[in-house]
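Notes follow the structure.
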Amino acid sequence: MPEKPEIKKEKPKKVADPIKASMDVASQQMIRRSHDLGIETIFDRAVTMKPCNIGIQGTCCKNCAMGPCRLPMPKGGIEGEDERKGLCGATANTIAARNFARMVAAGSAAHSDHGRTVAEVFYSVAHGETEDYKIKDPNKLLAIAPHFGVDVKVEVDGEEADRDIDEIAREVAKKALAEWGKPEGELYYLKRAPKPLYERWEKLGVLPRNIDREVVDIMHRTHMGVDQDYKNILKQCTRASLADGWGGSMIATDLQDVMFGTPFPLQSEANLGVIKEDHVNIIVHGHEPVLSEMIVAMSQKPELIEYAKSKGAKGIQLGGICCTANEIFERHGVPQAGTYLQQELAIITGACDAMVVDVQCVFQNLANVAKCFHTKLITTHPIAKMEQDNVMHIEFDEHHALEDAERIVRTAIDNFNNRGSDVMIPPYKASAIGGFGVESIQYHLGGTFRGTYYTLNDNIINGRIRGVAGVVGCNNARTRHNEAHITVVKELIKNDVIVLTTGCNGIACAMHGLLTPESAAVHCGPGLAEVCETVGIPPVLHLGSCVDNTRILLAATEVVKAGGLGKDLCDLPAAGSAPEWMSEKAVAIGQYFVSSGVYTVFGLHFPTAGAPVFHDYLTKDIEKLYGGKWDLEADPVKHAQLMIAHIDKKRAELGIDKARERVLMDMADRQAIEG
Ligand code: BF8
């Protein structure tokens, strides 16, 4: 008798443990709900799919069709000469350097293409081609114009007079846009760096020529059979990353401030609890504020609010995810619905009537999650569409921006009544103050009669503030959501290091209550707590989105200018960090921070582990060239301690490592000095 075929029982699919996946209670609740509803999210895929062990080391070369050539590190390490080679003979160093360079190129391209869009919109505004955008902050325009070599004064009848602002705008627009492709010279903004830093770049031959060229150069030299010297490849990484940090991203930040307003501190809220059951909820997700600014304007339009009410809603609630959240939070106080890892979870509330996305950091799985609910997922950018058929595309064009935004908002309102009864909004949100920047730090921590940044410098010198840290960057599903962000930041402020934050770290800090002045008394060391209490600021200053990391570069430059803390960025008691990084943009940012003299620590792992010589070059040798270097530490407490140790080293080099007691002098002491 033939044997009965054995019926194989299907193994239940492995899913994420909500507690292990995120430290945030709202997210845990939504992950649990996703399991109840049978919806797969990134958290589940992170437990079922392992990362490639060779790719993670940076030593898989797929730049030609003879490969992929895979050069993993042998288990026992390498003794003697490293003889690993690809078919063409490429060494592990060459392969890792090429892969690293392509990450820098992609990251710089993403930031800078965002910058280009902003510059194009500004050009349209300056030339009267659009009515929908305006120059909201003419003072910022006047402040940046001289950096482009644009005069803000003219001579009339032998007298100096103010130049026409429209004329200034047109010239700035032309020169800014040319930064992407001018045939000669170097980027204008490089000279905004402290002089010794600029001179170092000049000496090392890494001054970017134009933004696009530096990205194309990387793609060329990492093509099969071109640059085979990891040091030379890294030199171009530096050039391209500087074209991002002191070019595309910086222009994006500046022109956004000119058109949409320079941020100034304001209060808002953060986490999924900002979504309101009785409102039309629109979640704006992505990066470019040319879109989100228009949606903010439309969501406040009385006619559309009335339209929402006519459908039974109490109003329109906007929320942001990712850097779009940061952009509209810093300028309008629009609440932040969540970080990168919460994008699917916002839909899983069942109350998201539309999620509007543009470019970068958008999961394709959003479409699959949206299918399970009534949510309209709307793509808006010509370079970022989705293949799934439930996705709407409403292309956004700056020439009729308000019209497009109105269509999007109406689509969300029309969808309000399609909501199912399956709404579950986690009741968690935190109060947060954001909107800091170079200008507002000067207002809060500057001096009225002394140099700009005087109070900040004075407090660093007297040791109340031990140093400054820029903690930025993404979430990564390979580690517990937000845990490293919050642990690193808390460890720093506990040790009197003031934190400047951007990107998803900024949202994480907002969600976990670190963006309030009151948090200083709870989490800070005594020195930083005293400063925060005196001037009424949080110990963690939210400076905006990832392109706004340039605000950190410029704030640090102001610290140098204010005096007493060295002559260059690398002299400062300062460090950078991205505890949960994941994107290529993070690598570009890290590289421009390092090349600007900042000691920069990444969490998790680093994509050069399989090429120890190249890895050592990044984490040790390049400090001699640029004053900054990379480091890697996955443990968040050790990660922060490395930064603090670096800050202490710089304090010792500056001779400000000893606590200085303020000596009160009596008349006799004074007479002795005068005598
Ligand atoms: O540019 S921090 S996950 S949102 S890449 Fe993306 Fe990373 Fe968030 Fe903004 Ni930046």
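Only this structure's heavy atoms are used, side chains among them; waters, hydrogens and symmetry mates stay out. For the single chain, residues carry numbers from 1 onward in sequence order. For ligands, and for the atoms within them, numbers begin at 1 and follow the listed sequence.
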Interfacing atoms of ligand 1 (cut-off 4.0 Å, heavy-atom, Met582): 3 (S)
Between the side chain of Ser583 and the main-chain N/O of Ala586, is any donor-acceptor distance below 3.5 Å? yes
Any side-chain donor paired with an acceptor under 3.5 Å for His111 and Asp244? yes
Backbone N or O of Ala484 within a donor-acceptor pair of the Glu580 side chain at under 3.5 Å? yes
Where does the angle between the aromatic ring planes of Phe100 and Phe606 fall among parallel (under 30°), tilted (30 to 60°) and perpendicular (over 60°)? tilted
In residues 345-352, what donor-acceptor pairs under 3.5 Å come from side-chain atoms, sequence neighbours left out?
| unit_1 | atom_1 | unit_2 | atom_2 | d |
| --- | --- | --- | --- | --- |
| Thr349 | OG1 | Ala346 | O | 2.6 |
| Thr349 | OG1 | Ala351 | N | 3.2 |

Under a 3.5 Å threshold, yes or no: a donor from one side chain and an acceptor from the other, between His512 and Asn482? yes
Sorted by chain and residue number, which protein N/O/S atoms are under 2.8 Å from atom 8 (Fe) of ligand 1? Cys504 SG
Whether Gln336 side chain and Ile321 backbone form a donor-acceptor pair below 3.5 Å: no
Report the part of Gln360 in contact with ligand 1, treating N, CA, C, O as backbone and CB onward as side chain, heavy atoms under 4.0 Å; options are side chain, backbone, both, neither. neither
Do any nitrogen or oxygen atoms of Lys585 lie less than 3.5 angstrom from nitrogen or oxygen atoms of ligand 1? yes
